[in-house]
Amino acid sequence: MGRRLRTVIAVGNQKGGVGKTTNAVHVAAALGERGYRCLIIDLDPSAGATRHLGVPLQSFAGTLELLTTDETPEALIITKKLPKRVHLIPSRPQLSELDSMLSKFDDKTQILERPLKLARRHYDFIFLDTPPSAGATTTVAAYSSADWFLLSVFPHPLSLSGLNEALKDIADVRQRRNPELEILGVILSCVDTRTRMAAELESVVAQSLPGRAFQTVVTQAIALPECSGKGKTLFQLKQFAEHKVVAQYRRLAAEVEYRVQQREAFLEGVLAPLDLATMTFVSEGDAALDVSSDEEELDAEEMSMAANE
């Protein structure tokens with residue numbers, strides 16, 4: 001794939017139930033299908049990404065150890081039975097006790113810096129799945145350490161309220177802690193294109209965040225909660241290989257890739273829209289289904305060896 005992109009993307013909204021975890025795992029899966037190595041770090045005590053990817057809670061060390069001990073990302077990643085080229089550092093409910101386990105002298109805005117520095121060596125995209133709380137220590141740390149923020153919005157008034165709160169927090173952290181943080185875009189998901197609310201939301205996003213809407217929206221689909229209940233993404237189940245939402249996430253991932261690769265032009269507002277109509281999206285077929293491949297295991301071994309050099 002050439003040189004690693006080493007990009008850190010925080011995903012969130014200050015309201016829960018807006019599809020942020022679904023978007024994080026599916027965009028990562030689509031980027032993995034495109035050949036990129038992706039890491040998801042579950043920063044939410046409710047462990048949404050961990051559950052969505054079918055990892056049993058309480059079975060593995062994960063984010064809590066990453067943030068409170070000297071454990072490295074390569075020692076904590078899970079690679080088995082995940083989407084192709086996607087790795088996970090899982091969460092569990094005990095992460096809610098994080099503050100009591102940190103020293104009073106720790107700078108809580110910096111607790112992700114060491115693990116992210118290590119992880120950037122091995123991944124093109126690192127997704128930080130944040131809890132829906134602006135005051136949570138892991139949310140603050142994600143804002144403070146990420147290169148980009150990817151906002152998730154449902155066509156619902158509460159979701160829009162959360163978007164406004166997130167924008168205020170991003171402006172605050174840019175001024176006080178992380179001036180490099182930029183909004184990568186706003187994903188509109190669970191969209192029923194026939195409703196007036198969806199059209200109104202698109203208009204609000206276009207006005208409040210010019211150039212940050214994606215061309216692709218993710219429409220409503222019963223298949224998404226069905227897959228989540230099975231601990232899988234749409235990309236891992238054969239019956240959904242041709243589903244319209246799989247195609248939408250492929251196009252969305254292409255837009256994410258395009259903006260990250262052309263960061264300066266995108267931020268200057270001179271980046272031309274990606275011509276999705278002429279792009280060909282090739283599925284890797286059965287190789288992308290329920291992966292637990294030798295390639296994944298070798299990658300993990302390679303990372304461990306690199307950490308000890």
**Message:** For L43 and D129: C-alpha separation, side-chain torsions, deciding distance, then whether side chain to side chain contact (heavy atoms under 4.5 Å, CB included) applies.
**Reply:** CA-CA 6 Å; L43 295 175; D129 190 33; 5.9 Å; no

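- Note on residues 175-208: no pairs pass ring pair (Phe, Tyr, Trp, His ring centres under 6.0 Å), not counting sequence neighbours.
- We find the OH-CD distance between Y249 and E33 to be 14.0 Å, quoted to the nearest 0.5 Å.
- Residues A146 and N178 come closest through the heavy atom pair O-ND2, 2.9 Å.
- Within 6.0 Å of CD on E264 lie no more than 12 heavy atoms contributed by other residues, nucleotides or ligands.
- A cation-pi arrangement is found for R259 relative to F214, the charged atom lying closer than 6.0 Å to the ring centre and inside a 45° cone about the ring normal.
- Contact detail for L39 and A119: the closest heavy-atom pair is CD2-CB, 3.9 Å.
- S145 places no side-chain N or O within 3.5 Å of a backbone atom of L112 that could act as its donor or acceptor partner.
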**Message:** Could you go through T22 and S189, starting from their C-alpha distance and side-chain angles, then the distance that decides it, and tell me whether this counts as side chain to side chain contact (heavy atoms under 4.5 Å, CB included)?
**Reply:** CA-CA 9 Å; T22 299; S189 54; over 6 Å; no

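- Side-chain atoms of T137 and I111, non-hydrogen and from C-beta on, do get closer than 4.5 Å to each other.
- Panel note: side chain E257, backbone L31; no donor-acceptor pair is recorded below 3.5 Å.
- Classification of the F149-Y143 ring pair by plane angle, with boundaries at 30° and 60°, yields parallel.
- Linking ILVMFWY residues whenever their side-chain heavy atoms come closer than 4.5 Å, directly or via other members, leaves L57 and L88 in distinct clusters.
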**Prompt:** Passes side chain to side chain contact (heavy atoms under 4.5 Å, CB included), Y36 versus T7? Steps please.
**Reply:** CA-CA 11 Å; Y36 292 105; T7 296; over 6 Å; no

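- Under the 4.5 Å side-chain heavy-atom criterion for ILVMFWY residues, no single connected hydrophobic cluster contains both L118 and I126.
- At most 12 non-hydrogen atoms from other residues, nucleotides or ligands lie less than 6.0 angstrom from CG of D70.
- Applying the salt bridge (charged side-chain N to carboxylate O under 4.0 Å, His left out) criterion to R120, with sequence neighbours excluded, gives D147.
- Taking the six-membered ring for Trp and thresholds of 30 and 60 degrees, W148 and F266 have ring planes inclined between 30 and 60 degrees apart.
- Residues satisfying the salt bridge (charged side-chain N to carboxylate O under 4.0 Å, His left out) test with D99, not counting sequence neighbours, are K108.
- Separating the CG atom in D172 from the CG atom in L181 is a distance of 11.5 Å, to the nearest 0.5 Å.
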**Prompt:** So F125 and V27, side chain to side chain contact (heavy atoms under 4.5 Å, CB included) or not? Walk me through it.
**Reply:** CA-CA 10 Å; F125 292 94; V27 170; over 6 Å; no

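- In the hydrophobic clustering of this structure, V260 groups with L274; members are Ile, Leu, Val, Met, Phe, Trp, Tyr whose side-chain heavy atoms approach within less than 4.5 Å, directly or through other members.
- Put simply, the side chain of H52 never gets that close to the backbone of G48: no donor and acceptor are under 3.5 Å apart.
- Under the 3.5 Å distance criterion, the side-chain polar atoms of E255 are matched with a main-chain donor or acceptor of T216.
- Of all heavy-atom pairs between R34 and F281, the closest is NH1-CE2, 3.6 Å.
- Scanning all heavy atoms of the two residues, the minimum distance from V11 to T130 falls at O-OG1, 2.8 Å.
- Taking the side-chain contact (heavy atoms from CB on, under 4.5 Å) definition, one finds that S144 meets it with T109, V140, V173, R177, sequence neighbours left out.
- For the atom pair NE2 of H122 and CZ of R4, the computed distance is 9.0 Å after rounding to the nearest 0.5 Å.
- Using a cut-off of 4.0 Å between Lys/Arg side-chain N and Asp/Glu carboxylate O, K20 and D44 are scored as salt-bridged.
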Would you mind writing out the side-chain donor-acceptor pairs for residues 58-68 within the sub-3.5 Å range, not counting sequence neighbours?
from, atom 1, to, atom 2, distance (Å)
Q58, OE1, Q94, NE2, 3.1
Q58, NE2, Q94, OE1, 3.2
T63, OG1, D42, O, 2.6
T63, OG1, P90, O, 3.1
E65, OE1, G62, N, 2.7
E65, OE1, R92, NH1, 3.1
E65, OE2, R92, NH1, 3.3
E65, OE2, R92, NH2, 2.6
T68, OG1, L64, O, 2.6

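- A pairwise comparison of heavy atoms in A254 and M279 identifies CB-CE, 4.0 Å as the closest pair.
- Looking at Q236, its side chain does come within 3.5 Å of a backbone N or O of T233 through a donor-acceptor pair.
- Contacts of S103 classified as side-chain contact (heavy atoms from CB on, under 4.5 Å), with partners at least two apart in sequence or in another chain: F105, D106.
- Applying the side-chain contact (heavy atoms from CB on, under 4.5 Å) criterion to S203, with sequence neighbours excluded, gives Q207.
- The side-chain contact (heavy atoms from CB on, under 4.5 Å) search around A223 returns L234, F240, H243, not counting sequence neighbours.
- R263 is linked by a salt bridge (charged side-chain N to carboxylate O under 4.0 Å, His left out) to nothing, counting only residues two or more places apart in sequence or in another chain.
- R250 CZ to L252 CG: the interatomic distance, rounded to the nearest 0.5 Å, is 13.0 Å.
- With sequence neighbours excluded, no residue forms a salt bridge (charged side-chain N to carboxylate O under 4.0 Å, His left out) with E71.
- Listed by first and then second residue, the side-chain hydrogen bond (donor to acceptor under 3.5 Å, both in side chains) pairs that reach into residues 220-231 come to none, sequence neighbours excluded.
- I183 contributes atom CD1, which lies 10.5 Å from atom CG of L267 (distance to the nearest 0.5 angstrom).
- A donor-acceptor pair under 3.5 Å is formed between the side chain of T50 and the backbone N or O of S91.
- Pairs engaging residues 203-220 under the salt bridge (Lys or Arg N to Asp or Glu O under 4.0 Å) rule: E182-R212 [sequence neighbours left out].
- Between L167 and L209 the shortest side-chain heavy-atom distance falls below 4.5 Å.
- Heavy-atom minimum distance, H26 versus F235: O-CE1, 3.7 Å.
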